[in-house]
Chemist: 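Quick one: structure below, then a few questions.
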Amino acid sequence: MKLATWNVNSIKVRQPAVVAWLKETIPDVVCLQELKCTEDAFPAVSFEELGYNCAVHGQKTYNGVAILSRRPIEDATPRLPGDDGDDHARYLEAIIPSRQGTVRVASIYAPNGNPVESDKFPYKLKFLDRLKSHAQQLLKLEEPTALLGDYNIIPGPDDVWNPELWENDALYRPESRSAFRAIQYLGYTDAFRACHAQTHQYTFWDYQGGSWQKDHGIRIDHILLSPQAADHLTASGIDKNVRAGEKPSDHVPVWCEIDI
DNA sequence: ATGCCGGGCGAAGCCCGA
C-alpha cells in the first residue's frame with residue numbers, strides 16, 4: 001500500500017497538477033493539506049474519475065485537509081482532540097481497509113508558528129502537544145497507523161541547506177524540534193529517514209529568491225508510522241520533480257510503501 | 001534576513017504562508 005502526503009497550497013489552483021501526479025504515481029492513499037477551500041468547493045469529481053474516494057475537512061481561505069483513497073474511507077473524523085476552541089481545519093483521520101485488516105491514516109497541517117514572539121508560536125506548540133497526546137492514544141490500539149502531513153518542523157541541521165539562518169524560526173526552534181522528537185520517542189518512525197541516510201533531502205522550496213534553482217530547501221513534510229506500520233515499511237521517497245512542473249506548489253509529495 | 005513569490009479575497013492592496 002502506497003501512502004503519500006502533499007501540501008498543495010490551494011487545491012483549486014493545483015487540481016491539474018494533482019491529477020497529473022495521481023495518474024503518474026498511483027498512490028493508494030493521499031493526504032492533502034492547505035486546500036484553502038470549503039468542502040463544497042473541493043474538486044472531488046476530478047479525483048473520483050480516477051477512482052479515488054474523498055474525505056474533506058475544509059475551511060475558506062486558510063488551512064483545509066483531505067484524504068483521497070482508492071479503497072473505501074471509513075470513519076472519517078475531523079479535528080484533533082484537546083481544544084474545542086480551535087476552529088482551524090488542520091486534522092482529518094480515517095480508517096482504510098487493507099489486504100489484511102486496516103490502516104489508520106491522518107492528514108495533518110501543523111501551524112507554522114511564526115513569528116515566534118507572537119501568539120502563533122504557543123499555538124503551534126500546543127497543537128503539537130495535542131498531536132503527541134493523540135498519537136499516544138492511537139498507539140494503544142496496536143494498529144498500523146500513519147500520521148502524514150506538513151508538520152512545519154525541520155527535524156535537524158541536515159534537513160535544511162543553512163541551519164544558521166533558521167535558528168530563531170518557528171520551524172527550527174528547539175521547542176518545535178523537541179516536539180517532533182517527542183512523538184517519535186512514543187514509538188513512531190520517520191518513514192523517509194528510516195529508508196534514507198542521505199542528508200539535505202528537501203520537501204519545500206520557497207517561491208522567492210531562486211530557492212528551488214539553488215536547492216535551498218527544507219524537509220518539513222513527514223510520515224510517522226506506528227510500530228505495526230513501520231514493521232512493514234519497504235520504501236519511501238520525495239517526488240522532487242513535481243517542483244519543476246507547471247504552477248508548482250512550494251511543497252512536493254512525500255510517500256512511503258507499506259506491505260500490508 | 002525577508003515577503004523579492006504565490007494565493008485568497010475581491011477588484012486595490014492587505015493578509016498569510018515558511
Chemist: Taking 4.0 angstrom as the limit, do Asp190(A) and Arg219(A) come out as a salt bridge?
Modeler: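 Here Asp190(A) pairs with Arg219(A) in a salt bridge, since their nearest N and O are under 4.0 Å apart.
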Chemist: May I have all residue pairs that pass salt bridge (Lys or Arg N to Asp or Glu O under 4.0 Å) and include part of residues 74-85 of chain A, sequence neighbours excluded?
Modeler: Asp83(A)-Lys126(A)
Chemist: For Glu164(A) and dA1(B), what is the distance between atoms CD and P respectively, to the nearest whole Å?
Modeler: 10 Å
Chemist: Specify the separation, in whole Å, of atom CZ of Arg243(A) and atom P of dG6(B).
Modeler: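 My rounded result for the distance is 8 Å.
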Chemist: With sequence neighbours left out, what residues match Lys124(A) under side-chain hydrogen bond (donor to acceptor under 3.5 Å, both in side chains)?
Modeler: none
Chemist: Holding to side-chain hydrogen bond (donor to acceptor under 3.5 Å, both in side chains), I want the full list of residues that pass it with Asp215(A), two or more places apart in sequence or in another chain.
Modeler: Trp205(A)
Chemist: Side chain of Thr61(A) only, heavy atoms from C-beta on: which candidate in dG3(B), dC9(B), dG6(B) is closest?
Modeler: dC9(B)
Chemist: Please collect all salt bridge (Lys or Arg N to Asp or Glu O under 4.0 Å) contacts where either partner lies in residues 221-231 of chain A, sequence neighbours excluded, each pair once.
Modeler: none
Chemist: Determine the contact category for Lys124(A): base if any of its heavy atoms lies under 4.0 Å from a base atom, sugar-phosphate if only primed atoms, P, OP1 or OP2 are that close, otherwise nothing.
Modeler: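 The residue Lys124(A) makes no contact with any strand.
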Chemist: When we call it a touch if two heavy atoms are under 4.0 Å apart, what does Asn152(A) touch: a base, just sugar-phosphate, or nothing?
Modeler: sugar-phosphate
Chemist: Is Lys2(A) salt-bridged to Asp28(A), going by a charged N under 4.0 Å from an acidic O?
Modeler: no
Chemist: Starting at the 5' end of DNA chain B, which residue's closest nucleotide do you reach first, His251(A) or Pro248(A)?
Modeler: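 Looking at DNA chain B, the more 5' nearest nucleotide goes with Pro248(A).
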Chemist: Tell me the salt bridge (Lys or Arg N to Asp or Glu O under 4.0 Å) pairs involving residues 175-188 of chain A, sequence neighbours left out?
Modeler: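 As it turns out, the salt bridge (Lys or Arg N to Asp or Glu O under 4.0 Å) pairs with a partner in residues 175-188 of chain A, which skip direct neighbours, are Arg173(A)-Glu175(A).
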Chemist: Pairs under 3.5 angstrom only: tabulate donor-acceptor contacts from the side chains of residues 136-147 of chain A to other protein residues two or more places apart or in another chain.
Modeler:
| residue | atom | partner | partner atom | Å |
| --- | --- | --- | --- | --- |
| Glu143(A) | OE1 | Arg104(A) | NE | 3.0 |
| Glu143(A) | OE1 | Arg104(A) | NH2 | 3.3 |

Chemist: Contacts to DNA chain B from residues 9-19 of chain A, heavy-atom cutoff under 4.0 Å, which residues?
Modeler: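 Per residue number, the list reads Asn9(A), Ser10(A), Val13(A), Arg14(A).
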Chemist: Only counting residues at least two apart or in another chain, list the ones meeting side-chain hydrogen bond (donor to acceptor under 3.5 Å, both in side chains) with Asn114(A).
Modeler: Asn112(A), Asp169(A)
Chemist: I want to check one thing: is the phosphate of dG17(B), taken as OP1 and OP2, less than 4.0 Å away from some side-chain N or O of Lys36(A)?
Modeler: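 For Lys36(A), the contact criterion (side-chain N or O under 4.0 Å from OP1 or OP2 of dG17(B)) is not met.
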Chemist: If the condition is side-chain hydrogen bond (donor to acceptor under 3.5 Å, both in side chains), which residues does Tyr188(A) pass it with, not counting sequence neighbours?
Modeler: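 Expected list: none.
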Chemist: For nucleotides 13-15 of chain B, tabulate all protein N/O to nucleotide N/O atom pairs closer than 3.5 Å, reporting atom names and distance.
Modeler:
none

Chemist: Going by the rule salt bridge (Lys or Arg N to Asp or Glu O under 4.0 Å), which residues pair with Asp259(A) if we only count those two or more places apart in sequence or in a different chain?
Modeler: Arg99(A)
Chemist: What protein N or O atoms touch nucleotides 10-12 of chain B N or O atoms at under 3.5 angstrom, if any, and at what distances?
Modeler:
none

Chemist: At 4.0 Å (heavy atoms only), tell me whether Asp221(A) reaches a base, stays on the sugar-phosphate, or touches nothing.
Modeler: nothing
